[in-house]
Amino acid sequence: MLPSIVAVGTIPLPPNSNCASLQRRRNTSPSSSQHHTITLLRRCKTIQELHQIHAKILKTGHSQDPHLLFKLLHHCSTLNSIDYAFKLFETIQAPDVYHYTALICGSIVSGHSDACFRLFFRLLEGQIMPDLVVISYVLKACGIELSMEEGRQVHGHALKLGVGNERLVSMRLIEFYGKCGVFGDAEKVFDGMPQRDAVATTILISCYSDWSFIEKARTLFDNVGDKDTACWTAMINGLVENGMTSAALELFREMQGEKVPPNEVTVVCVLSACSQLGALELGRWIHSYVGRFGIKRNTYVGSTLVDMYSKCGSLEEAKKVFDEMPNKDVVSYNSMIAGLALNGRSREAAELFKQMIDRGLSPNHITFVGVLNACSHGGLVELGYEIFESMTKVFSVEPRIEHYGCMVDLLGRVGRLDEAYEFIGRMRIQPDHVIWGTLLNACKMHRNLDLAEKVAEILMKSDAADSGTYVLLSNVYASFGKWSEAVGIRSKMKDHGIQKEPGCSSIEVDNEVHEFLLGDIEHPRRDEIYQKLEELSDALKLEGYSPEKQVVLQDIEEDEKEWALSIHSERLAICYGLISTKPMATIRVVNNLRVCNDCHSLIKFISKITGRRIVLRDRNRFHHFEDGFCSCGDYW
DNA sequence: CCTGTGTAGA
């Protein structure tokens, strides 16, 4: 389908306009005073300096100099001051297409892509001739915002202006249609490009990955003759984003085999795979790679390293990278705060939050997720309230559902259940199944059947419930001995075709990640692992360990493999660690679900009798086991 | 030109 052209009205096409000649060239060369100001702007490092330069321009009567205004606008976006850019823009009496482009570009960079289409519309209304550059940026914005209608209209304008086949426009069109998931149109533009364009292919690969069409992406990728760094990186990232971390790492190895040099983006993607897998050794290796191969240590690389070390349970290394980062930004702080929270260092997380404020950085919504999460993990109720209040009052950050979620968790975890319930009632947005699930779990922890039933009823009615919610519901009923309800949930799950997410644990030994699924293992050293398991259980019995008869979903299943299923994958991974690593080595295991009470106390005992440090990462935090104790203080 | 960081509950 061709995009609608009429929707935005007539475009003022000047007579004899030949769009191929629409090049961005100014017919005047800057005067020497302009030149001086531009040099000042280029050296300008803070928005305050920019204000001064602007003041000077006003004083010298150049307030409407188009070239200077363009440079000013452009610099606002590099200095992250889109607000000032908008104010400045409004003072321009006759903005031209360059001013619009600068503002649109700045809006995209600062995460305000939604403003771009409005600006473009204003440009058209002002009888200003758009060019291929401004069209390209607006298309980019439409892709980010998934604005189907707007993007189609811009496509129409591009065709009408005759720039529809410009390489830049074609690429943005592919990006726009691809991001919106309209691959028919994306492919149509792609096929219309003169030659098989490697860059355009990279865009398409990335879009297919965004929509989880990994096979499509892979086919395109395999057919690119001369793959550059970005192309490899796009494919690696696609695999990482779709949870295919092992395949991503394999592709990274292949990339090295092909002697394509990775850049900082590649490193970020591979580190992200390490974080997901908990592959500390590999992560360290990539880190050393950064130093050795001249990869830029920008804030992306730094923050990702902090995240990787945190998620691999090595907080010391995370802190070291963080402390050594020269230009820490909000994201760097966010990584470190979340990392501290994840590892149960709540006070330190809160202190770092204070420190970032003192340094004049503005916290964003993610910062607050991190620090509120730290409060809830640490039981810091009053501090949590204080910070939550400060969001709107001090920092003008509107709380989102996840912030409310942190607060419900904070209150529920310490047993202030009614307060949590009332808190949900006062929320300014509709609570979702996550919020109710959080409260329900708190009810289970604190054995409040009345409230649990009330919440369960609400959850049953919600249609957004996912497999985790169903499992939670069923476990809650079972834990209160409500068998028929528990069975009812289970059959409801079956009816809805919802599968329980299988438990999976992984452990990295000698740079290789070994994955274990619940119960059945197809591991070369299966017998030794099971032998170790037996051995431990005998030793544990002597130590006085008796498994809590936790009633879980499996107990009401008729399953001949029940015994195997009762062995959670983290136990298998730990046993494998015990038999395959040096006697005093720390064992690091990553699990995809929450560790159950039973495994948690079992692992405490294992750490005691084997003298090993065991670091277990579960769904949302770390447990550092040592000599019979866990860093979470059994509070998780 | 294309590729990238940080995010509550279970």
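Atom set for the values below is all heavy atoms of this structure, side chains included, hydrogens, waters and symmetry mates excluded. Remember, predicted model here, so these are calculated numbers, not experimental data. Chain A is the first sequence line, chain B the second, and so forth, proteins listed ahead of strands; every chain is numbered from 1.
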Worksheet entry | Among dT3(B), dC1(B), dT7(B), the one nearest Ala234(A) by side-chain distance | dT3(B)

Discussion item. Check this one for me: any side-chain N or O of Asn441(A) less than 4.0 Å away from OP1 or OP2 of dG9(B)?
Written reply: no

Fill in: N or O in side chain of Lys311(A) less than 4.0 angstrom from dT7(B) OP1/OP2
yes

Worksheet item: How is Thr299(A) classified with respect to the nucleic acid when contacts are heavy atoms under 4.0 Å: base, sugar-phosphate, or nothing?
Response: base

Worksheet item: Is any side-chain heavy atom of Tyr404(A) less than 4.5 Å from a side-chain heavy atom of Ile429(A)?
Response: yes

Discussion item. Taking side chain to side chain donor-acceptor pair (under 3.5 Å) as the definition, give me every residue that meets it alongside Ser314(A), ordered by chain and number, with sequence neighbours left out.
Written reply: Glu317(A)

Worksheet entry | Sequence neighbours excluded - ring-ring contact (aromatic ring centres under 6.0 Å, His included) pairs with any residue from residues 219-239 of chain A | Phe221(A)-Trp232(A)

Item to complete: Determine the contact category for Lys227(A): base if any of its heavy atoms lies under 4.0 Å from a base atom, sugar-phosphate if only primed atoms, P, OP1 or OP2 are that close, otherwise nothing.
Response: nothing

Worksheet item: For His403(A) and dG9(B), is the shortest distance between a side-chain N/O and OP1 or OP2 below 4.0 Å?
Response: no

Worksheet item: In terms of side-chain geometry, is the basic nitrogen of Glu419(A) or Arg426(A) positioned less than 4.0 Å from the acidic oxygen of its partner?
Response: no

Item to complete: Let me know the distance between CG of Asn237(A) and C1' of dG4(B), rounded to the nearest Å.
Response: 7 Å

Worksheet item: When all nucleic acid strands are considered with a 4.0 Å heavy-atom cut-off, which category describes Asp197(A): base, sugar-phosphate, or nothing?
Response: nothing

Worksheet item: Expressed in angstrom and rounded to an integer, what is the separation of Lys296(A) atom NZ from dT3(B) atom C1'?
Response: 13 Å

Worksheet item: Looking for any heavy atom pair under 4.0 Å, which part of the strands does Arg167(A) touch: base, sugar-phosphate only, or nothing?
Response: base

